[in-house]
Amino acid sequence: MEAKRQITESFGHSPAHQALLRAGSRIRPLQQAHAHIVVSGSHRSLALLTKLLTSACTAGSIGYAHRLLYSVPNPDAFLFNSLVKASSSSGFAIDTVFFYHRMRRCRVSPSSYTFTSVIKACADLSSLGLGKCVHSHALACGYGSDRFVQAALVTLYAKSGDLGGARTVFDDMSERTVVAWNSMISAYEQNGCSREAIGMFYRMRDRSVQPDSTTFVSVLSACSQLGALSLGCWVHDYVVNNGLDVTVALGTSLINMYARCGNMSKAQEVFDLMNERNVVTWTAIISAYGMHGYGSQAMELFHQMKARGSRPNNVTFVAVLSACAHSGLVQEGRREYASMSQEYGLVPGVEHHVCLVDMLGRAGLLDEAYKFINELNHVEQAPAVWTAMLGACKMHKNFDLGVEVAERLLAVEPDNPGHYVMLSNIYALAGRMDRVEMVRNKMIRRRLKKQVGYSTLEVDQKTHLFSMGDKSHLETNAIYQYLDELIWRCREAGYVPAPDSVLHELEEEEREYALRYHSEKLAVAFGLLKTSHGTTIRIVKNLRICEDCHLAIKYISIVTNREIIVRDRLRFHHFKDGHCSCLDYW
DNA sequence: ATAGGGTTAG
């Protein structure tokens, strides 16, 4: 060891090389080292130039890297591979593709390493065309069966939205490593196919491939989307019992899973036990409290986060502003919106504008919300912002403004059925049934269908799905009978069904029936039938809960003395003793 | 004297 060091020191690094090593990835010292290299005449040393180039990439100075490359007389494979790798892992995807092209033009042969980096760059760009082109090069160069290249290809196709392409590459693999499985599970999960992601996970276990922390990050995300609490808990147990490394990503995914499956105390428990937290972790817990309607806890955590030195980013502010919106924290919301740009130099995007309009709108400050939108520039006045405004108009029964906003929206997005439904609701509330009919006819002419609502719940680790008026369930008769009995008991306790303002494509006499058998009511009835007293009922619904169901479930929580938790498209409703955690403010 | 991979959280 001692002798070896002697040799390196005496053989010595030239002053230029030493300067290069000392510089690390700081740009000024790198430029000085560059000067040393030129002055000492070692500017033909590909080794030194390679080091300089990769350091420039990691320093974030991609322009400098480009200029340097032009000054290299005959770049070799080593230099190109280093450059492709460094630029790709520093997030300069377009530049990686450019360097790869240079490499080919210089007739330098790419290796399997080159391809993994270039394919990752194409994946970052979500560029299917570019990716397919590189894929064919890889095949031509004989790297089609390299497991690293293949795993990267799975991700490339997944991120470009081509699940079929991802699956083809995956199915063609002769040897599937845990990373390959992780890529495919994540591919499904990222594309909203949670069931398929979980199916893949089971297949992986059938093939006796040991899952790792990364596997579970994706599996837990799938559980979060589905509200699959029992599988989520199983994963948590597995992680603990098998001593798996609880990385920041895994911990954050656990928090998110518990929160989105309705168990806030477990989410908090995981958060408390984590020894490392980053901005994503903080954002997850803030967003969790916000979704559950605990706005002040969310704000408390936000302040803690800042006090502990984590810097909030754009996503954090979406969580904060939406927490304010759902809890009526208007003052705080206004203040944090301002601090976003003033203190953190962040540029508010459409999603922040939506939160702010939503917050002002819910609080009944329609004029302020309207003024806020009108002060945005033309590009910023996105449909989503107007949609939030429209929701506020409906909530506060401002018919004139509502109709104006809806028509504006329909002009921009004539094929969005949601806008028609909202407009027809507003007309119905205003008693303009002629207009309701007109909107309905317009929808029919355009062949637009409103989204089908469904609710799911787990009983004994099995998921049951219900849709409106659904009779496909095996125990349909018992469920409907029990629901009728429940509603009758609720009526005795004072429940009066809310008037139906929802647009139906049904005939008149079917409307009462449809309202009465909304998917969430069916799911609640089934849950009550199938579980013992003291068990909390947890429902996941794909759309917003309707006013009548909200009211009915409050009464159901009284007459059955049960706690019922409903997650709708946007947030949670905890029903207990006739009250809802949203305070009817949703 | 220069590099060494693919998968993951809000």
Side-chain angles (χ1 to χ4, degrees), chain A residues 7-8 11-14 16-18 20-21 37 42 45-55 57 75-86 88-89 111-120 123 143 146-156 158-159 166 169-170 173 176-187 189-190 211-222 224 245-257 259-260 267 270-271 274 277-288 290-291 305 310 312-320 322:
Chain A
I7 291 169
T8 7
F11 229 29
H13 303 307
S14 64
H17 184 225
Q18 281 174 356
L20 189 52
L21 289 182
I37 293 171
S42 48
S45 159
L46 284 179
L48 287 186
L49 290 169
T50 301
K51 182 73 188 151
L52 187 58
L53 270 165
T54 56
S55 301
C57 288
D76 62 357
F78 213 109
L79 185 142
F80 272 119
N81 283 336
S82 306
L83 184 56
V84 162
K85 168 73 172 63
S88 169
S89 47
S111 69
S112 66
Y113 287 92
T114 322
F115 283 115
T116 55
S117 291
V118 179
I119 293 166
K120 183 196 178 303
Y143 296 116
D146 182 277
R147 60 204 170 109
F148 293 100
V149 171
Q150 286 173 314
L153 283 169
V154 170
T155 304
L156 162 75
K159 290 203 170 157
V169 174
F170 180 80
M173 294 181 79
R176 297 188 192 104
T177 60
V178 60
V179 179
W181 285 98
N182 290 349
S183 304
M184 200 58 228
I185 292 170
S186 150
E189 188 274 315
Q190 299 268 335
D212 62 11
S213 299
T214 307
T215 318
F216 289 127
V217 171
S218 297
V219 172
L220 287 169
S221 290
S224 306
D245 188 20
V246 182
T247 57
V248 200
L250 183 51
T252 306
S253 211
L254 276 169
I255 292 174
N256 191 42
M257 182 279 292
R260 296 187 49 116
V270 173
F271 179 81
M274 284 173 74
R277 299 173 190 136
N278 62 19
V279 57
V280 186
T281 317
W282 283 103
T283 304
I285 193 85
I286 291 169
S287 147
M291 270 203 320
M305 165 188 186
S310 256
N313 63 21
N314 282 299
V315 187
T316 316
F317 276 100
V318 173
V320 168
S322 113

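Values reported hereafter were calculated over all heavy atoms of this structure, with side chains retained and with hydrogens, waters and symmetry mates removed. Order of the sequence lines sets the chain letters (A, B, ...), proteins ahead of strands, with each chain counted from 1.
Residue A:N256 places at least one side-chain N or O under 4.0 Å from the OP1 or OP2 atom of B:dG10. Side-chain nitrogen and oxygen atoms of A:S218 include none within less than 4.0 Å of the OP1 or OP2 phosphate oxygen of B:dT8. Applying the 4.0 Å criterion to OP1 and OP2 of B:dA9, one finds that A:Q190 has a side-chain N or O inside that range. Close to B:dT8, at under 4.0 Å from its OP1 or OP2, lies no side-chain N or O of A:T215. Distances shown here put every side-chain N or O of A:K120 at or beyond 4.0 Å from the OP1 or OP2 atom of B:dT7.
In this structure A:F216 satisfies the ring-ring contact (aromatic ring centres under 6.0 Å, His included) test together with A:F201, A:Y238, sequence neighbours excluded. The side chain to side chain donor-acceptor pair (under 3.5 Å) test applied to A:K51 returns no partner, not counting sequence neighbours.
The base of B:dG10 sits within donor-acceptor range of the side chain of A:T283, with an N or O pair under 3.5 Å.
Atom pair A:W282:CH2 and B:dG10:C1' shows a separation of 14 Å (rounding to whole Å applied). Look at CZ on A:F148: it is 14 Å from C1' on B:dA3, rounded to the nearest Å.
You'll find that the side chain of A:T214 is closest to B:dT7, out of B:dA1, B:dA3, B:dT7. When distances run from any side-chain atom of A:L48 to the nucleotides B:dG6, B:dA1, B:dG10, the shortest one goes to B:dA1.
Side-chain contact between A:S45 and A:I37: absent, with no pair of heavy atoms (C-beta onward) separated by less than 4.5 Å.
Using a 4.0 Å heavy-atom cutoff across all strands shown, A:S112 reaches at least one base atom of the nucleic acid.
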